[in-house]
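Every heavy atom of this structure was used, including side-chain atoms; hydrogens, water molecules and symmetry mates were not.
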Amino acid sequence: MIGNRKFNLLFELINLKLRGSNRLFDKHDNCFSDVSFREMEALSGKSKSAIQRLFGDLIKNDLLRVVEDVHGNRMRMLSPHFFCFRNGWQRMFMEAMYNTGSHAKAIKWAKMCRADYALYPYKHNFVDEYTGELYQFKPIRCLSLLEVRSWCESTNSYDRTDRTKRRCLGREVGQQCFLKAS
């Protein structure tokens with residue numbers, strides 16, 4: 001893992017009190033802004049080499065990955081298992097986005113889970129290294145009607161300030177869940 005100094009630097013970068021487009025870490029998406037290390041140095045007051053070493057260690061320990069966000073932009077996402085401000089279905093969606101590497105793939109995973117009333121692993125198919133056969137994972141567990149409804153409601157609630165709500169492609173997703181449940 002990372003040492004105390006590097007963890008303190010990470011914590012300072014995450015909690016930096018900059019506003020708007022100057023913010024280095026978006027707590028809603030668990031992603032660092034797409035700025036260079038030189039710009040991070042200017043905004044945070046920390047040395048560029050320390051920030052580069054921190055990011056190198058995070059990548060080496062699989063705590064930071066480059067993922068595609070909702071607009072197709074490549075972002076540096078911090079592992080939700082390691083550090084996350086969300087809980088429940090939002091956190092699960094962030095974990096899916098981190099593990100699949102794409103917002104679109106995470107949406108596909110979430111829709112499939114809700115449609116089948118089952119919680120699937122993030123990667124459904126895998127190829128056996130020795131035989132070359134394609135296998136499909138079984139669901140981890142079945143989801144109850146209440147869980148699917150709460151998941152659908154969490155994607156359709158527009159009263160929250162969570163910007164990851166853009167993952168819902170309209171209200172038809174929630175309506176489809178409620179129609180199936182009725």
L24 and L43, any side-chain heavy atoms less than 4.5 Å apart: yes
CA sep, side-chain torsions, deciding dist, call: I51, S44, side chain to side chain contact (heavy atoms under 4.5 Å, CB included): CA-CA 10 Å; I51 295 172; S44 68; 3.8 Å; yes
pair R86-K27: side-chain heavy atoms closer than 4.5 Å: no
Verdict with reasoning, M92 to L119, per side chain to side chain contact (heavy atoms under 4.5 Å, CB included): CA-CA 10 Å; M92 192 172 290; L119 188 62; 3.6 Å; yes
Using distance only, find each side-chain donor-acceptor pair of residues 93-101 under 3.5 Å and give its atom names and separation, not counting sequence neighbours.
residue	atom	partner	partner atom	Å
E95	OE1	Y122	OH	3.2
E95	OE2	R91	NE	3.3
Y98	OH	D62	O	2.9
Y98	OH	L64	N	3.4
N99	ND2	E95	O	2.9
T100	OG1	A96	O	2.7
T100	OG1	S102	O	3.3

Close side-chain approach of F83 and L10, heavy atoms under 4.5 Å: no
Aromatic plane relationship, F82 with F7 - under 30° parallel, 30 to 60° tilted, over 60° perpendicular: perpendicular
Side-chain (N30) to main-chain (L78) donor-acceptor, under 3.5 angstrom: yes
Inter-residue atom distance L145.CG - S150.OG, 0.5 Å rounding: 9.5 Å
Validation row: L16, F25 side chains within 4.5 angstrom (heavy atoms): no
Spacing of F32 atom CZ and L58 atom CG [to the nearest 0.5 Å]: 7.0 Å
Heavy-atom pair with the smallest gap, counting every atom of M77 and V67: CB-CG2, 3.7 Å
Atom pair SG/CD of C113 and E147 - distance to nearest 0.5 Å: 11.0 Å
Spacing of CD belonging to Q52 relative to CE belonging to M40, to within rounding of 0.5 Å: 10.0 Å
Within residues 3-14 or reaching into it, pairs that qualify as side chain to side chain donor-acceptor pair (under 3.5 Å) - sequence neighbours excluded: K6-D57, E12-K46
Rounded distance [0.5 Å steps], CZ in F55 versus CZ in F37: 5.5 Å
Results of salt bridge (charged side-chain N to carboxylate O under 4.0 Å, His left out) for E68 - residues two or more places apart only: R74
Rounded distance (nearest 0.5 Å) linking atom CG of L54 with atom CD1 of I59: 9.5 Å
S33 to M75 - nearest heavy-atom pair and separation: CA-CE, 4.1 Å
